[in-house]
Amino acid sequence: MTDHIETATSTGRTTLTESEAKEVLATHGIDVPDGETVRSPEAATDAARRLGYPVVVKIESPSVQHKSDWGDGAGVVLGVADDDAVADAAREIFETADRQGIDAAVRVESALEVDAGIEVIVGGTRDPSFGPTVLVGLGGVAVEVLQDTSHRLAPVTEEQALEMTHELEASELLDGYRGEPAVDREAIAAAIQTVSEFLVEESEVSEVEINPLLARSEDVLALDALIALAPDDESD
Amino acid sequence: MALDSLFDPDGVAVVGASATEGKIGYEAMQNAIAYDAPIYPVNPSGSGTVFGREFVSSVTEIDGPVDLALSCVPGPVVPDVIEDCGRAGIGAAVIFSGGFAEAGEEGEQLQRRLVEAADDGNVHLLGPNTSGFLRPAEDLHATFATGTEDIRSGNVAIIAQSGGIAFATAFRAENEGRGVSAMVGLGNSANVGFQEAIDFFDTDDQTDSIVLHVEGTNDARGLLETCQSASTPVVAYNVGEQDVGDFAESHTGSLTGDHELYEAGFAQYGVPTVRSVAELYDAGTALADCPRPSGPNVGVVTAQAGPGIAITDRLKADGATLPSLSDETQAVVEEILPGITFSANPVDTGRPMPEFGDVVEAVARDENVDIVLVYELFEEGLGFPTETLEGLPEATGKPIVFATGGARAALEPELEKMTECDIPTYTTPERGADAVGALVNYAKRNPLADAVESEVNTDD
């Protein structure tokens with residue numbers, strides 16, 4: 001599934017779209033929500049019916065990295081419950097993209113019960129001095145305000161990946177706090193290890209980010225993913 | 001070794017030597033003449049002698065062996081000097097002047113010219129933009145800084161990116177009544193960097209530990225790999241905790257700062273890290289003097305409760321484990337001191353006493369203990385239990401670290417005796433704890449070596 005990376009680099013793009021990134025990660029064993037990428041409001045409705053309600057409707061475009069900030073909130077619509085709402089959300093995305101003159105598709109995904117888990121961030125960079133590196137952090141407010149993260153140089157062993165999750169200040173949250181069920185710490189560690197190996201193997205990739213990775217009691221799921229590519233002259 | 005011409009030269013040329021007091025070329029010359037090798041002042045406009053040596057007009061005109069040039073001339077003429085060095089077969093040069101890669105586009109261009117000249121002539125460069133290096137045991141003071149003759153020889157090698165931090169650490173050693181096997185300021189690392197310097201001092205007989213100051217390097221991965229492959233223990237001080245990453249694309253980028261990566265990388269590659277110059281040198285002496293620690297289990301023996309509590313608190317924060325002492329040890333301790341205050345771990349004898357050394361020995365021999373930390377305030381009538389402790393680190397194969405307090409004049413000779421027994425000493429409870437913390441982290445970060453070794457032996 002490196003085809004996406006090859007196609008993107010050969011056309012001069014520096015990022016994969018969300019669905020490309022998810023497809024790449026899925027082939028490396030990281031679960032992603034079911035979803036389809038469509039080109040019209042009608043196709044969005046068909047896709048939502050196949051996936052089952054509720055769904056999430058998002059913009060998909062190489063020009064848009066921060067989807068929830070885009071188009072005054074039109075970029076990501078959560079908990080969409082019926083055909084009309086899906087068509088409206090998709091139409092809004094297409095019209096806003098037209099006004100901005102950018103090429104855009106719409107991604108329709110099964111909505112997940114995000115309360116039934118903890119959002120974490122798993123990512124990695126290719127640093128010019130250190131080479132491939134990985135991080136894990138608690139998602140949402142914890143990562144942005146508290147910067148509660150743990151870092152390693154890649155590749156990491158399973159043991160090191162697990163140790164990283166224990167190094168988080170908020171590590172206890174993963175074990176189930178105040179009656180919440182514990183989440184699958186081993187699955188988080190496996191995702192860290194996968195990202196670490198992916199960066200070591202794919203020298204064109206400069207950054208990977210799964211944010212959020214929804215950690216649940218039995219598994220983890222990549223709700224959003226970013227893969228950035230280094231132009232040729234920088235990757236050597 | 002590749003860097004013999006730099007750190008072990010057969011003759012030294014001081015380029016830009018001067019007879020005018022206060023000039024860099026004068027100070028460098030004054031420092032250089034202490035070294036037991038021919039020293040040549042080089043200056044085309046110099047005439048007569050300086051410090052009893054006759055001026056030579058160029059390094060190419062020197063008649064005799066010379067391996068090292070100390071370049072005291074301004075930046076723009078340095079590339080020509082290095083070209084001459086190459087022609088004269090001089091294998092190394094220290095370049096004191098600045099105005100190179102640290103000083104914008106023009107400086108970068110000058111540094112490129114310099115490296116080209118060095119590569120063509122096969123010259124190893126320390127610097128530019130460095131205050132030089134010291135090897136006190138050889139009286140080799142390749143620097144323009146003054147007062148360096150007071151820096152004694154010791155067993156810790158300082159390799160610092162900043163010449164200023166190099167001297168700050170070396171003078172700290174002097175203030176502590178100790179010394180250094182070498183002090184190296186790398187400066188801009190034009191072609192001698194951390195890797196080359198670490199490799200050299202790893203095989204140096206006088207060096208028992210290497211302490212690093214790291215601001216940033218363009219090959220951090222290579223630095224870490226060199227640290228890992230060194231058989232001499234390495235400890236590192238990375239500055240820049242408050243700097244944030246300058247990536248913009250994602251959270252991952254902005255959350256991944258260099259300091260985090262250095263801390264994570266050093267941990268992965270077996271290097272304890274510290275957060276100050278003082279701590280850096282303390283960790284260096286602990287790693288240099290002590291046998292290699294085999295684990296993180298610390299036995300604490302204290303003659304005073306308060307410092308013992310402070311030490312225990314600090315040790316735990318540093319990642320140490322305080323195991324229970326074996327029943328056997330506890331019985332021995334209680335036999336020595338019936339009704340002892342607290343005999344588990346820490347062992348608190350309540351006050352200094354003649355049997356204090358025997359208690360330390362019992363704890364050092366406990367199989368649950370990998371490292372011993374002793375605290376005892378100095379008491380004139382008793383002195384320190386140096387006689388009992390002498391030979392104990394070697395007999396047990398375990399680090400024994402001694403922390404104390406007392407009046408300087410009374411302490412100094414006593415501490416010197418303790419240091420001679422391979423027991424490093426520190427004059428506050430927390431310094432002792434942090435030095436042991438470095439030993440603990442060294443043990444934790446290099447856990448496989450023994451296992452690998454015994455595996456190899458079994459295969460034989």
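Just so we're on the same page: letters track the sequence lines, and every chain starts at 1.
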For B:R112, look at atom CZ and say whether over 12 heavy atoms of other residues, nucleotides or ligands are found less than 6.0 Å away. yes

Quick check: are there more than 12 heavy atoms from other residues, nucleotides or ligands sitting under 6.0 Å from CD of B:E106? no

Ignoring hydrogens and geometry, is there a side-chain-to-backbone donor-acceptor pair from B:R221 to A:P132 under 3.5 Å? yes

For A:Q100, I'd like to know if atom CD has over 12 heavy atoms of other residues, nucleotides or ligands within 6.0 Å. yes

Got more than 12 heavy atoms from elsewhere within 6.0 Å of CD, A:E167? yes

Segment of B:Y269 engaging chain A (4.5 angstrom heavy-atom cut-off): side chain

Can you tell which part of B:N218 gets under 4.5 Å to a heavy atom of chain A, answering side chain, backbone, both or neither? backbone

Proximal component of B:L223, with respect to chain A [non-hydrogen, under 4.5 Å]: neither

Is there a donor-acceptor pair closer than 3.5 Å between any side-chain N or O of B:Q268 and the backbone N or O of A:L153? yes

Of all heavy-atom pairs linking A:S129 and B:A220, the shortest is OG-N, 2.8 Å

Which bit of A:Q160 is near chain B, if near means a heavy-atom gap under 4.5 Å: side chain, backbone, both or neither? side chain

